[in-house]
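Below is one structure; the comments refer to it alone.
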Amino acid sequence: MASEHSHWPLLADAPADEDLSRCVHCGLCLTACPTYLVTGKEMDSPRGRIYLARSVAEGTLLTTPTVERHWDLCLQCRACETACPSGVPYGRIMEHVRAQVAEAPQSDPVVRRVRRLVLRHIVARPRVLAAAALLPRKLAGLLTRERVAKLKPKPLRRLAGQIPRGQGAPVRPGFELRPAGQERARVALLTGCIMGEVFGEVHRATARVLARRSIAVEAVEGQGCCGALHAHDGDLAYARKLAKKNIAAMESDRFAAVVVNSAGCGAAMKEYDDLLAADPKWAARAAAFSAKVRDFSEYVAELGGEVPSQLETRVTYQDACHLAHAQRITTQPRALLDAITGCQRIETAGADRCCGAAGLYSVNQPAMSGELRQRKAVEIAASGAQIVTTANPGCHMQYLAADAESHLDVEVLHLAELIDRAEAAAETSR
Amino acid sequence: MATRRDLIAALSQAVGNEAVIWRPEDVRAYEYDGTVETRLPHAVVLPETAEQVAAVVAACNLLQVPITPRGAGTGLSGGAVARKRGVVISTARMNRIIQIDPINRLAVVQPGVANLAVSLAAASSGLFYAPDPSSQKACTIGGNVAENAGGPHCLALGVTTNHVLAMEVVTADGTLVRLGSPTPDIGPGYDLRGAFIGSEGTLGIVTEVTLRLLPLPASIVTLLAVFDTIEQASESVSAIIGAGLVPAAIEMMDRVTLQAAEAGLQCGYPPDAGAVLLVEVDGIADIVEEQAGRIRAECLEHGAMEVRIAEDDEERERLWKGRKGAIGALGRIAPNYYILDGVVPRSRLVETMAVVERVSAAYNLPIANVFHAGDGNLHPCVLFDDREPGARQRVLEAGEAIMRACIDAGGTLSGEHGIGYEKQQFMGWLYSDEDMENMERLRPVFGNEGLFNPCKILPGGTGCGEMAHDAAAIRAAGQDAYV
Ligand SMILES: Cc1cc2nc3c(=O)[nH]c(=O)nc-3n(C[C@H](O)[C@H](O)[C@H](O)COP(=O)(O)OP(=O)(O)OC[C@H]3O[C@@H](n4cnc5c(N)ncnc54)[C@H](O)[C@@H]3O)c2cc1C
Ligand code: SF4
Ligand code: SF4
């Protein structure tokens with residue numbers, strides 16, 4: 001509940017006072033926050049952002065363009081949640097803060113309006129999105145590594161470089177892959193919005209890895225965008241709508257799990273219970289559904305069993321924030337890589353620090369996003385890795401951009417692609 | 001008197017526009033630290049070099065504006081709260097590790113470097129920085145120097161002052177000077193380094209620190225002893241020390257703390273225990289094993305239900321994660337806490353804990369206990385909800401009663417958090433007026449004529465004449481307020 005003095009314009013989706021007051025301003029989250037590390041300003045730290053929100057909630061501060069700027073600069077990476085001993089649900093607070101900003105913006109009203117329309121009418125609409133994705137997919141066919149590397153100026157090279165290459169045809173609802181032998185279980189696969197269109201190969205690799213473990217993978221019809229981007233933008237109403245659609249499509253008992261290979265989508269779907277908690281018709285269904293959602297690496301680790309895999313390479317795993325901090329999954333992906341024969345895994349210092357992709361952040365906040373990307377580039381270059389692997393489409397594209405921008409000369413792969421490649425290599429060598 | 005406009009112009013001149021924060025909604029984020037006290041500064045600056053710091057101090061002195069240094073703002077005595085408003089100098093952008101010197105075993109760092117970052121950077125040379133406040137992930141070396149910070153592992157190794165060799169500081173009047181010497185011995189002359197450490201940002205701003213590094217211990221054993229009651233745990237502490245054992249750390253947590261920590265951090269604590277001791281021994285493998293065995297025996301003899309030994313680094317880290325996050329984890333059970341920092345002789349631990357329990361009952365306020373038992377350094381955390389009318393007053397009274405008990409037991413007011421903002425009125429319990437006047441004389445030596453972190457440590461000290469306006473009035477005046 002929000003207090004009666006609060007200055008929030010949209011009370012129904014106001015940050016809960018219980019959430020805000022959980023922050024005891026101990027400051028232990030400061031050094032986990034990428035934006036604080038860059039600007040050094042308390043207002044750009046988790047504690048500062050919460051304090052500003054709390055002041056608005058208590059009616060002692062009005063939301064001004066300046067206040068909005070500090071909230072807008074938040075990556076919603078949730079590294080502060082991992083660091084916070086007090087269990088402050090920062091992600092939830094910020095989504096609700098964004099809902100307030102969107103309701104009565106003090107700055108950039110047009111940009112905010114357009115963003116909301118794009119999210120609702122392009123990203124969340126499969127057919128419109130498919131049409132929009134056509135151009136980058138075509139371009140990807142023309143752009144070889146070598147061609148990208150020669151492009152000038154740098155921003156153009158970066159833009160072209162971040163288009164995923166070698167991803168083949170899209171994977172859309174209706175896709176299915178059965179194991180060669182007996183079917184041990186069947187899982188639902190989220191194809192997602194942009195993921196299905198430009199990361200088809202990641203989905204196919206995911207399905208092949210699971211098929212080798214006798215799991216059938218089915219992307220059921222009726223599913224759609226997970227709504228994560230909408231929620232992060234504060235469009236909780238639309239996020240709820242999309243959540244219901246996905247629950248209805250994938251909750252069937254036929255599925256042992258709902259497997260998601262995009263960390264941001266997985267995190268959002270594991271929190272459908274929270275999103276729909278106040279809706280008596282949906283709360284229980286949402287809770288049951290969220291309990292079934294698994295990240296790809298989490299599910300593969302749960303399945304256990306050893307599938308031979310082999311790849312001579314040096315790889316660095318860079319955590320996706322919404323896997324490491326929102327889902328608290330950090331050991332499984334590393335263990336899967338360590339199980340590959342010949343694969344040397346290099347840990348970098350800032351592996352669980354945000355790369356700056358952060359959903360739409362790279363578009364909304366290009367300067368900060370670029371700064372964080374360049375910091376990653378330095379660490380990756382120093383690691384000597386040949387392959388950068390991660391588990392989220394946004395991060396994937398950010399590392400592609402870093403590669404093109406800073407001539408890193410690394411290959412960027414989704415964890416599923418890397419494992420699939422290593423398992424396929426072991427199969428042929430036998 | 002200078003106007004806000006003059007002030008901002010002067011500060012911009014010193015550090016550049018971008019590094020001056022002055023909008024009312026922005027400075028709001030600098031009105032607090034880790035305590036419950038708040039005060040809005042007029043402006044905040046983010047210098048990157050010692051020269052910029054000196055320029056800011058000079059400008060403030062010229063305009064007669066109070067100055068308050070700030071590190072990470074994790075302080076627990078209100079030290080970084082700008083009690084008389086004015087300018088906060090934040091070291092957040094002075095966060096470079098300048099040098100790790102494995103041969104001379106020292107590190108040269110800027111003051112805004114986080115404590116833990118030093119040990120992380122030194123680890124590849126097999127070295128570490130010993131003082132380890134529980135806030136070490138975030139708190140800064142500058143803040144540690146100012147508070148003479150301690151930590152769990154300071155039992156055997158000593159606190160900040162034992163590990164700071166030399167410093168560069170900008171004194172309260174804006175002069176850049178060096179204190180101490182980067183050699184193993186304190187250099188010749190007065191030990192002004194020693195006087196500066198623990199001065200809570202009232203003598204000047206540290207702009208560079210040379211720290212002693214120690215070799216990482218060859219072997220570490222961590223034990224978790226589980227008890228029914230705090231008394232049993234306290235008696236075990238006395239027994240361990242009495243037996244001549246010198247563990248690296250002995251930490252105690254009571255039931256309330258254990259439950260909060262376990263709920264938040266899943267560290268494998270027994271949630272229904274009355275108290276646990278977290279004990280660590282380090283050094284040469286054989287000796288460590290032998291000592292751990294004896295500690296285990298002492299605990300069992302004094303009523304431990306179970307003594308668990310961490311099997312691997314992962315379990316060890318998990319046990320420590322709970323301890324280091326314990327205070328923050330209290331946020332799970334109450335929106336606010338007021339943490340005390342009293343010290344008592346180890347032999348008086350049991351009776352002082354009983355007083356704490358009685359105070360808790362008398363004021364009807366839950367109190368969690370998590371502390372450095374080996375040093376007798378208590379941290380009773382009074383839990384409350386600041387939004388409840390009158391709560392804060394009750395909390396302060398309860399705190400006073402506990403502090404009084406510590407002094408009566410022959411102890412002192414602060415082990416490591418400093419006196420800062422609200423404990424200064426208790427200084428008279430410990431020191432005579434002459435004692436305090438004598439301390440007061442140190443301030444002008446460093447050029448503090450009352451503008452530098454005013455109203456801290458000493459009651460009614462220099463510059464603490466009339467109190468700054470009430471926070472609400474300041475907010476109401478907003479941008480039009482004058483310095
Ligand atoms: C959860 C938690 C656990 C804690 N555990 C411990 C513990 O185990 N041991 C312990 O000792 N403390 C502990 N503390 C208290 C606090 O972390 C320490 O006092 C720490 O040293 C403060 O550092 P800071 O950078 O946050 O300083 P701040 O809070 O920003 O400032 C503290 C004081 O230092 C002054 N100061 C800051 N930087 C400088 C500088 N460069 N030059 C001169 N003065 C400066 C300020 O003016 C102020 O008076 C804990 C705090 C929290 C929130
Ligand atoms: S760590 Fe948690 S409680 Fe502490 S300041 Fe950050 S968000 Fe608040
Ligand atoms: S979500 Fe990330 S960017 Fe935002 S406050 Fe937390 S750590 Fe900082």
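Given the structure is predicted, the values throughout are model-derived calculations rather than measurements. Chain letters run A, B, ... following the sequence lines, proteins first and then strands; every chain starts at 1. Quick note: numbers below take in every heavy atom, side chains included, and nothing from hydrogens, waters or symmetry partners.
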Extract all donor-acceptor atom pairs below 3.5 Å that involve side chains of residues 326-338 of chain B and protein atoms in other chains or at least two apart in sequence.
{"residue": "R332(B)", "atom": "NE", "partner": "P85(A)", "partner atom": "O", "Å": "3.4"}
{"residue": "N336(B)", "atom": "OD1", "partner": "D386(B)", "partner atom": "N", "Å": "2.9"}

query = Any luck finding a side-chain donor-acceptor pair between R23(B) and T64(A) under 3.5 Å?
reply = no
Value rounded to 0.5 Å, distance of [atom1] in [X] from [atom2] in [Y]:
| X | Y | atom1 | atom2 | result |
| --- | --- | --- | --- | --- |
| R387(B) | D17(A) | CZ | CG | 6.0 Å |
| S55(A) | E31(B) | OG | CD | 6.5 Å |
| T39(A) | R93(B) | OG1 | CZ | 6.5 Å |
| L37(A) | N95(B) | CG | CG | 7.5 Å |
| E25(B) | L52(A) | CD | CG | 8.5 Å |
| D385(B) | S21(A) | CG | OG | 6.5 Å |

key: Minimal non-hydrogen separation, R47(A) against G73(B), with atom names   = NH1-O, 2.8 Å
key: Closest heavy-atom pair and its distance - G27(A), A138(B)   = O-CB, 3.3 Å
Most contacts with chain A, counted as non-hydrogen pairs under 4.5 angstrom, among S134(B), G264(B), A72(B), G322(B) =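 Heavy-atom pairs under 4.5 Å are most numerous for A72(B).
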note = With chain A, the option among L116(B), L265(B), D26(B), I21(B) that has the most non-hydrogen atom pairs under 4.5 Å is D26(B)
query = Less than 4.0 Å between a side-chain N and a carboxylate O, is that true for E18(B) and K41(A)?
reply =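 Between E18(B) and K41(A) there is a salt bridge, with a charged N closer than 4.0 Å to a carboxylate O.
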task = Indicate yes or no: does E42(A) engage R70(B) in a salt bridge with an N to O separation below 4.0 Å.
result = yes
query = Can you list the residues that meet the side-chain contact (heavy atoms from CB on, under 4.5 Å) rule with D312(B), with sequence neighbours excluded?
reply =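 With sequence neighbours excluded, D312(B) shows a side-chain contact (heavy atoms from CB on, under 4.5 Å) to E314(B), E315(B), given in chain and number order.
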message = Quick one, H25(A) and D33(B) - any side-chain contact, counting heavy atoms below 4.5 Å?
response =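 When only atoms from C-beta onward are counted, D33(B) and H25(A) do not touch, as no gap falls below 4.5 Å.
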ask   = Hey, does L28(A) have a side-chain heavy atom less than 4.5 Å from the side chain of K324(B)?
value = no
message = Under 4.5 Å from any heavy atom of chain A, what part of T91(B) do you find: side chain, backbone, both or neither?
response = neither
Proximity of residues 318-328 of chain A to chain B, residues having a non-hydrogen atom under 4.5 angstrom = none
query = Which region of A83(A), side chain (C-beta onward) or backbone (N, CA, C, O), has a non-hydrogen atom less than 4.5 Å from a non-hydrogen atom of chain B, or is it both or neither?
reply = both
ask   = Which residues satisfy the side-chain hydrogen bond (donor to acceptor under 3.5 Å, both in side chains) test with S119(B), sequence neighbours excluded?
value =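 side-chain hydrogen bond (donor to acceptor under 3.5 Å, both in side chains) check on S119(B) returns nothing, list empty.
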ask   = Between C84(A), G48(A), G87(A), which residue shows the highest count of heavy-atom pairs closer than 4.5 Å to chain B?
value =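 So the answer, after comparing C84(A), G48(A), G87(A), is G87(A).
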